[in-house]
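Shown next, in structure tokens, is the structure this report addresses.
One-based numbering, in listed order, for ligands and for the atoms of each.
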Amino acid sequence: MKQSTIFAVSSGQGKCGVAVVRVSGADAGVALQQMTGLRSLPKPRRALLKCLQDPENGEVLDKGLVLWFPGPHSFTGEDICEFQVHGGLAVVASILRVLGTLPNLRLAAPGEFTRRAFYNGKLDLTEAEGLSDLLSAETELQRKQAFLQTEGYLSNVYKEWKQILIRSLANLEAFIDFHESEDIDEKVIDTTVELIAQLQESIKKHLSDGNRGERLRNGVKAVILGETNVGKSSLINILCKRSVAIVTPIHGTTRDVLEVPLDIGGYPLILADTAGMRSDTVDVIEQEGIDRALKAYQSADLILLVMDANNYLFWHEKNPAGSLYDFVLSYVQKLKLADFLGNDTNSNLTFKKQCIIIVNKIDLIAEKDLAVFASFQNVISCKSLYGFTTLISSLTNELKLLCSEPSKDHPSMNQMRHREHLSKCVKYLDSFLSAKDRLADDTDLMAEKLRRSLRQLDKLTGTFTTEQLLDVIFKEFCIGK
Ligand SMILES: Nc1nc2c(ncn2[C@@H]2O[C@H](COP(=O)(O)OP(=O)(O)O)[C@@H](O)[C@H]2O)c(=O)[nH]1
Ligand SMILES: [Mg+2]
């Protein structure tokens, strides 16, 4: 059965200056000629200004640029034609309607162009995933990571690993076939073990990146915690430059966990405002809010611990010899944040999770008392906006630690799917290495272990795949890509 030729708007939905309509498949050339009335196909990859018409009655629909990309040198590997037309809704609708009347043409499904590109070997699975990420990248560093991935930097790493496995397998197979008849060097076995041990090390290192690639892809989860009325909601409103959370002088205003996506220095941050922690509430709704805040704390990567400057001053006057550690300890105990501080022996302030301590409402402190706050790095006022430049740079530093630095030489994996296949691959390599003494007499079995680990890398890059998996990956794409 002949595969349909597909078409879609590739430039996004809605009214715009120019819309790009893309057609891919065996009948793309026919579509181009029908729409333009051209007797022959234009020169490849050269823009041509033409009137576009309804072939049924010659009605001119619009005037626009026409481009012809004969396969295999096209995005999908198939013949592609593109129409750049005026981006009015009716213009685009008329082009789509007419294309739909041509034989064997139909509207593309989400991701179908890219899926065809994948089938035609134009990109592998990790590159296709990179492309999907590039389309949804919201910050500069997400863009960078996704772009490098579409350019094949991640898949190059996996391809290199596959080569090592393929070479090792070839060595073992040669050994199986020839070691009795010919004198094949027994060193082949040692070399293979050595190669596999190194490979396993590299994959383990790639895996143990502390989810930094995944965080950059999905956003770092940060949660604002603190007592009621210290200015948590005021803080989130300032950071996201709009009034997302209700701010009042009444204790216990915030109940739901409120999440907003932010771009901080190019890093994606998903910041959550929470209900203030206090133990004496009798309000069931507020108590539910506090429980939710605790849950948000459990799953967060980064904590913004907010306190009121006056409360600290009060504590300090009562405990003049108390250290910052003592204060934070008493504060988190009051908030009932168990397991918050690190296990330190000499009262150094360390945290279980990355944490920024923020002292708010510094505007309410008298000049003579300001010196008391010298040991805090982040002293702010949500009222006067004092201290926000420092706070933003503290945040950026924390995000740098939590996310991977997009790099050509050490690209990070960034999806559960990658992690799963790589973990399984390591498992088979482990089992190969732990049984390596049997290599000489049970070479078949040992080769099978390598074959299985290779299969995992094949799944990763898509050399081996299933329709179901492709459905999952390509449905993430938009129509027209
Ligand atoms: N003077 C002063 N008041 C603040 C500051 N930040 C917040 N507030 C006030 O403190 C009250 C509680 O603020 P809110 O953001 O709702 O605190 P939350 O309960 O921690 O979310 C409100 O009346 C705010 O206007 C600040 O930096 N200085
Ligand atoms: Mg609040």
Side-chain angles (χ1 to χ4, degrees), residues 221-262 269-297 299-300 302-316 327-328 330-337 340 355-395:
K221 284 198 205 161
V223 56
I224 306 178
L225 295 176
E227 284 181 291
T228 55
N229 255 28
V230 294
K232 299 180 297 302
S233 297
S234 306
L235 176 63
I236 200 169
N237 287 347
I238 292 169
L239 288 175
C240 72
K241 300 190 180 86
R242 62 200 164 96
S243 179
V244 289
I246 299 172
V247 170
T248 75
I250 301 162
H251 287 262
T253 302
T254 309
R255 276 94 186 274
D256 282 315
V257 174
L258 220 128
E259 283 189 347
V260 283
L262 292 174
L269 179 70
I270 300 165
L271 185 61
D273 181 25
T274 60
M277 314 275 200
R278 51 174 176 170
S279 47
D280 56 355
T281 185
V282 286
D283 184 330
V284 285
I285 306 175
E286 191 184 351
Q287 187 54 51
E288 173 63 26
I290 294 173
D291 294 346
R292 287 180 187 208
L294 284 170
K295 248 190 219 137
Y297 159 62
S299 63
L302 174 66
I303 313 297
L304 275 58
L305 189 65
V306 184
M307 51 195 71
D308 183 317
N310 261 315
N311 291 353
Y312 177 71
L313 193 59
F314 184 69
W315 181 88
H316 182 75
F327 173 70
V328 175
S330 77
Y331 190 62
V332 297
Q333 278 170 352
K334 200 153 79 177
L335 298 181
K336 298 211 158 38
L337 283 174
F340 194 82
C355 177
I356 302 177
I357 296 180
I358 300 167
V359 179
N360 185 32
K361 306 200 188 183
I362 198 67
D363 57 288
L364 298 178
I365 301 297
E367 191 86 38
K368 65 173 176 50
D369 293 322
L370 286 179
V372 167
F373 295 91
S375 45
F376 290 100
Q377 208 172 27
N378 283 290
V379 175
I380 62 164
S381 163
C382 289
K383 195 171 175 193
S384 73
L385 300 188
Y386 172 85
F388 274 80
T389 315
T390 311
L391 178 59
I392 296 289
S393 69
S394 298
L395 263 173

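Closest to atom 7 (C) of ligand 1 among all protein heavy atoms lies Ser234 OG, 3.3 Å. For atom 19 (O) of ligand 1, the closest heavy atom belonging to the protein is Asn229 N, 2.8 Å. Protein heavy atom closest to atom 6 (N) of ligand 1, with residue, atom name and distance, is Asn360 ND2, 3.1 Å. Scanning all protein heavy atoms for the shortest distance to atom 17 (O) of ligand 1 gives Gly231 N, 3.1 Å. Considering only non-hydrogen protein atoms, atom 8 (N) of ligand 1 sits nearest to Lys361 CE, 3.7 Å. Counting protein heavy atoms only, atom 11 (C) of ligand 1 is closest to Thr248 O, 3.7 Å. At the shortest separation from atom 27 (O) of ligand 1 among protein heavy atoms lies Cys382 N, 2.7 Å.
One distance of note links CG of Leu313 with CD1 of Ile365; it measures 5.0 Å at 0.5 Å rounding. Once rounded to the nearest 0.5 Å, the distance linking CG of Leu269 with CG of Leu304 reads 8.0 Å. Here Asp308 contributes atom CG and Ile362 contributes atom CD1; the two are 9.5 Å apart, rounded to the nearest 0.5 Å. Here the CD1-NZ distance, from Ile238 to Lys383, works out to 12.0 Å after rounding to the nearest 0.5 Å. We find the CG-CD distance between Asn311 and Glu227 to be 5.5 Å, quoted to the nearest 0.5 Å.
The shortest N/O to N/O separation between Asp273 and ligand 1 does not fall below 3.5 Å. Of the polar atoms of Val247, none of the N or O atoms is found under 3.5 Å from an N or O of ligand 1, judged by distance alone.
Partner of Val306 under the side-chain contact (heavy atoms from CB on, under 4.5 Å) criterion, chosen from Val359, Leu225, Asn360: Asn360. Each of Glu286, Gln287, His251 was checked for a side-chain hydrogen bond (donor to acceptor under 3.5 Å, both in side chains) with Arg278, and the lone residue meeting it is Glu286.
Heavy-atom proximity to Leu364, at under 4.0 Å, picks out these atoms of ligand 1: 1 (N). Which parts of ligand 1 touch Asp363 is read off a 4.0 Å heavy-atom cut-off, strictly below it: atoms 1 (N), 2 (C), 26 (C), 27 (O), 28 (N). Residue Lys232 approaches ligand 1 through these ligand atoms, each under 4.0 Å from one of its heavy atoms: 15 (O), 17 (O), 18 (P), 19 (O), 20 (O), 21 (O).
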Determine, stepwise, if the pair Tyr312 / Tyr331 fulfils ring pair (Phe, Tyr, Trp, His ring centres under 6.0 Å). CA-CA 9 Å; Tyr312 177 71; Tyr331 190 62; over 10 Å; no

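Put simply, part of Val230 is less than 4.0 Å from ligand 1, judged by heavy atoms.
Residues meeting the side-chain hydrogen bond (donor to acceptor under 3.5 Å, both in side chains) test with Ser384, sequence neighbours left out: Ser381. The side-chain hydrogen bond (donor to acceptor under 3.5 Å, both in side chains) search around Ser233 returns Thr254, Asp273, not counting sequence neighbours.
Taking backbone and side-chain atoms together, Thr274 has no N/O/S atom less than 2.8 Å away from the Mg ion (ligand 2). For the Mg ion (ligand 2), the N/O/S atoms of Ser233 include one lying under 2.8 Å.
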